[in-house]
Amino acid sequence: MKIILSAFIYLFSSMMLIAQTKSIEVKDAQTKETLTGVYAIDQNNNKNYHITNNQILQLKIGETYKISHIGYSFKILRVETTTPDILYLEAENTELAEVLVTGRVFEDPVMNITTPDLSERVTQPKNVADLFRDINGFGLIKRGNYAIDPSFRASQYEQLNIQYDGGTKVMHACPNRMDPITTHVMPEDISKIEVVRGPYTMRYGATFGGLINMVSKRPELGNYGISGSASTGYETNGNSLVNMVRLQYAEDKFDVVGMYGYRDFGNYEDGAGREIPSSFRSIDYSLRMGYNFTSLERLQLHWRQSFGRDVLHASLPMDSDYDDSSMLSLDYYKKRPGKTLQKIQAKAYFSYVDHLMSNSKRSNFETVEAVSPVEATTAGGRFELEWKLAEFWTLFTGTDALLISRDGVRNRLIKQNMMGMPLDPPLQLTDKIWQDSFINDYGLFAESRYRINSSTLINAGVRYDMVNSDIQDPEADFLAYYPGLGSRTEHNFSATVSLKKLLDADNQLEFAFGRGVRSANMIERFINHFQVGQDPFEYIGNPNLDAEVNNQFEVAYTGKKEIDGFIDKLNWGASVYFSHFENYIVAIIDPTKTRKFMPNQEPIHPKVFRNLDDAYKTGFEASVGVNFLTHFQLDADLAYVYTRNEDLSESLPLTPPLRSKLSLQYSKNKFWAATDLRMVSQQDELATSFGENEATPGYELVDFRLGYEIFPGLDLGAAVLNAFDQQYYDHLNFAFRNQANANLSGLERLTDPGQNFTVFVKYGF
């Protein structure tokens with residue numbers, strides 16, 4: 001009898017449970033096709049959410065849910081017995097897949113960082129590379145105030161996959177990197193920076209140390225008609241001025257955005273009051289036009305040019321007379337909701353850099369006159385298909401290409417001999433810099449995203465790159481070093497697997513492994529007796545280098561907590577990583593070879609690029625944020641990386657020291673203010689083979705920033721940078737070069753700006 005009664009109670013309870021739920025199917029309002037992977041989040045308890053199972057939502061009657069799906073406008077739905085069985089969602093206007101990080105936990109790449117809107121709360125003129133200084137784990141490699149490269153976890157240059165808007169690239173023409181990728185775009189045009197912290201995605205080109213995507217400011221959806229903004233900024237240290245104008249016209253089918261910027265930076269003074277040669281001028285403009293065939297299909301054309309003039313590089317042997325670049329990209333994007341093939345996206349781009357450098361303002365100009373016209377061409381693109389193989393199973397397949405070619409020479413007019421006697425007539429010589437070289441990379445990739453359950457996602461990907469390189473006009477001595485020189489083809493295989501686990505609605509755990517492979521760049525392959533490092537050594541390339549491999553493991557944890565009381569909210573995060581390198585590329589002194597130019601000058605023996613057998617790095621990043629008393633926010637960041645070159649028993653080059661930052665912010669209504677304290681430790685882990693012979697001291701910097709909205713659309717920002725006029729330099733700064741005219745020692749590292757007062761005004765309409 002008890003068994004029968006228990007069964008009856010169980011059956012009755014099940015029927016009551018069924019009676020308290022309602023089945024709802026979610027469809028596309030335009031195509032009327034059923035959507036899968038729809039979220040229904042309980043508005044009374046965000047930890048309670050449902051995902052469509054067999055294309056049907058089972059929702060409790062009497063509860064209110066937020067119904068959402070990526071690419072669609074959400075709806076708030078209170079479930080009643082009379083609620084229709086079918087709910088229609090409207091597709092949002094199509095935007096190109098320029099953004100990698102969408103804010104959706106199961107759509108974002110693993111181990112990602114994204115900045116807030118960089119176009120907000122601006123207080124001073126910037127270079128693009130300066131936008132990285134507030135991202136935990138980043139440092140800046142400086143050769144002046146213009147040629148600045150980002151460094152992340154002791155990876156730099158081509159070890160980082162740096163791109164614009166999900167794939168567009170432009171490569172430098174100068175062998176001394178006077179014109180890195182960050183110099184070819186307006187900082188005011190960058191809305192945010194997205195970072196994947198290692199080789200954890202295969203979809204956006206070969207990635208060794210990390211993926212960096214700089215996202216341009218795009219037309220706001222629904223902001224139809226004419227709109228725009230104008231801004232101007234000034235800083236006292238260097239009498240630097242920046243002006244920018246942005247105009248936009250948009251309608252349902254068509255939009256166009258134009259930008260113009262002018263920058264005029266003067267020589268700055270360091271903390272000791274010395275004038276550092278660092279002035280430059282640049283003019284930039286861009287035009288972007290987009291056409292929406294439907295709300296799900298878009299074509300976009302983007303054209304931009306940048307013109308740099310009279311650029312002084314305090315830590316390089318020459319300056320830039322001009323640096324001109326042109327970039328053109330074409331993007332296509334189509335969504336197909338409800339189909340197995342859900343998305344199609346394609347990109348093609350072309351960029352050209354025309355660069356001229358000379359020593360006309362340097363101390364050795366009376367002895368030898370040097371002029372170097374060089375050029376670089378970058379072309380490429382990507383094509384990707386997104387497949388919905390099952391309710392919780394997405395597959396990305398595609399192909400991409402990156403084609404780089406460079407050429408250029410150094411024309412020397414030698415006016416004096418080694419004894420200082422004038423030559424009449426002067427001796428004219430031409431040195432081949434790039435030797436008419438190219439590197440073409442053709443890639444195939446597949447990446448799968450599978451949601452095991454409502455809280456667990458596994459991601460896996462593979463990638464194949466065929467890299468073809470050749471040198472078409474080699475110097476005789478370079479050909480003698482490598483007599484079998486000719487076309488070379490490499491086959492690189494990369495892979496990744498990661499797990500993302502939601503412990504609850506506020507806590508997330510990630511595990512990732514990635515194998516990233518990078519073939520040698522053009523400097524490492526083909527440079528011939530040129531000074532391209534921190535030190536005065538001549539460098540010789542090696543076209544037979546094996547590709548670098550980064551086997552990286554990482555664990556990351558992030559969380560947040562809402563609190564009632566003095567503290568309003570806590571958020572925190574930490575990640576720990578380890579990388580084992582295969583065939584790591586470094587330049588080592590070769591005693592079998594001698595200096596080619598000025599052969600009696602030390603150092604006599606040049607450096608030749610080679611592969612290491614045993615190298616690794618390990619490190620961590622941590623952050624915590626506290627919101628308190630409604631209007632205050634305190635953030636703390638910490639980053640450390642340790643590297644080791646076991647072959648030479650030293651650190652790897654350009655390894656940054658321990659960095660930390662404290663930021664206290666206040667925001668209320670139209671006013672905000674912030675104080676930043678940056679602390680950088682001494683670095684005594686050195687790569688002596690790279691020219692790092694002395695430990696670099698630590699330093700502390702204090703900045704004050706504030707802003708006020710004078711009236712809607714008009715914002716004023718001001719700052720005091722390096723408020724206490726600290727004289728300092730960073731471990732990643734290069735040393736002064738060929739600066740006797742400026743009374744700066746060639747053994748001393750570039751010092752950074754001293755105290756600086758800035759103001760920035762922006763008006764938007």
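Between Arg449 and Glu107 there is a salt bridge, since at least one side-chain N of the basic residue sits less than 4.0 Å from a carboxylate O of the acidic one. Ionic pairing of Asp400 and Arg203 is not present here: no N-O contact between side-chain nitrogen and carboxylate oxygen is shorter than 4.0 angstrom. Salt bridge present: Glu490 and Arg525 bring a charged side-chain N and a carboxylate O closer than 4.0 Å. In this structure, Asp331 does not pair ionically with Arg382, as no charged nitrogen and carboxylate oxygen lie closer than 4.0 Å.
The minimum heavy-atom distance linking Ile181 with Ile162 is given by the pair CD1-O, 3.4 Å. When all heavy atoms of Glu188 and Val242 are compared, the closest pair comes out as OE2-CG1, 3.5 Å. Closest approach of Gly209 to Asn550, counting heavy atoms only: CA-ND2, 4.2 Å. The nearest pair of heavy atoms linking Asn583 to Glu548 is O-CG, 3.4 Å. Shown here for Thr377 and Tyr352, the closest heavy-atom pair between the two residues is OG1-CD1, 3.6 Å. Residues Trp303 and Ser326 approach most closely at CH2-CB, 3.8 Å, considering heavy atoms.
In this pair, Tyr285 and Phe307 present their aromatic rings parallel. The plane angle is below 30°, not in the 30 to 60° band. Between Phe609 and Tyr539, the ring planes lie tilted relative to each other; the angle falls in the 30° to 60° range. Ring geometry, Phe254 versus Tyr249: the interplanar angle falls from 30° to 60°, so the pair is classed tilted. Relative orientation of the Phe208 and Phe581 rings is parallel, given thresholds of 30° and 60° on the angle between their planes. Ring geometry, Phe293 versus Tyr291: the interplanar angle exceeds 60°, so the pair is classed perpendicular (tilted spans 30 to 60°).
Geometrically, Arg153 engages Tyr577 in a cation-pi contact defined by less than 6.0 Å to the ring centre and at most 45° from the axis. The cationic atom of Arg177 (NZ for Lys, CZ for Arg) does not lie both less than 6.0 Å from the six-membered ring centre of Phe734 and within 45° of the ring axis.
Between the CG atom in Leu403 and the CE atom in Met171 there is a gap of 12.0 Å [rounded to 0.5 Å]. Taken to the nearest 0.5 Å, the OG1 atom of Thr378 stands 7.0 Å off from the CZ atom of Arg406. Within the model, atoms CZ of Phe265 and OH of Tyr146 stand 11.5 Å from one another, a figure rounded to the nearest 0.5 Å. Rounded to the nearest 0.5 Å, atoms CG (Leu211) and CD (Glu194) are 8.5 Å apart. Atom CG in Asp284 sits 11.5 Å away from atom OH in Tyr262 (nearest 0.5 Å). We find the OG-CD1 distance between Ser315 and Ile141 to be 12.0 Å, quoted to the nearest 0.5 Å.
Side-chain atoms of Asp473 do not come within 3.5 Å of backbone N or O of Asp436 as any donor-acceptor pair. In this structure, Asp189 contributes its side chain and Ser216 its backbone to no donor-acceptor pair below 3.5 Å. One N or O on the side chain of Arg515 and one on the backbone of Phe493 form a donor-acceptor pair closer than 3.5 Å.
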Is there a side-chain contact (heavy atoms from CB on, under 4.5 Å) between Leu287 and Val256 once you walk through the steps? CA-CA 7 Å; Leu287 183 68; Val256 58; 3.7 Å; yes
Test side-chain hydrogen bond (donor to acceptor under 3.5 Å, both in side chains) on Glu98 and Tyr333; report intermediate values, then the result. CA-CA 10 Å; Glu98 300 163 341; Tyr333 187 61; over 6 Å; no
Salt bridge (charged side-chain N to carboxylate O under 4.0 Å, His left out) between Arg288 and Asp255: does it pass, once the steps are laid out? CA-CA 8 Å; Arg288 176 165 46 199; Asp255 54 78; over 6 Å; no
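For the pair Asn176 and Phe530, the minimum side-chain heavy-atom distance is 4.5 Å or more. Contact annotation: the side chain of Gln305 never approaches that of Asp324 to less than 4.5 Å [non-hydrogen atoms, C-beta and beyond]. Using a 4.5 Å heavy-atom threshold, the side chains of Phe760 and Asp715 count as separate.
The only option from His172, His184, His355 that meets the side-chain hydrogen bond (donor to acceptor under 3.5 Å, both in side chains) definition with Ser325 turns out to be His184.
Among residues two or more places apart in sequence or in another chain, the side chain to side chain donor-acceptor pair (under 3.5 Å) test is passed with Arg281 by Asp310.
For Lys339, the NZ atom counts as loosely surrounded, since its 6.0 Å shell holds 12 or fewer non-hydrogen atoms of other residues, nucleotides or ligands.
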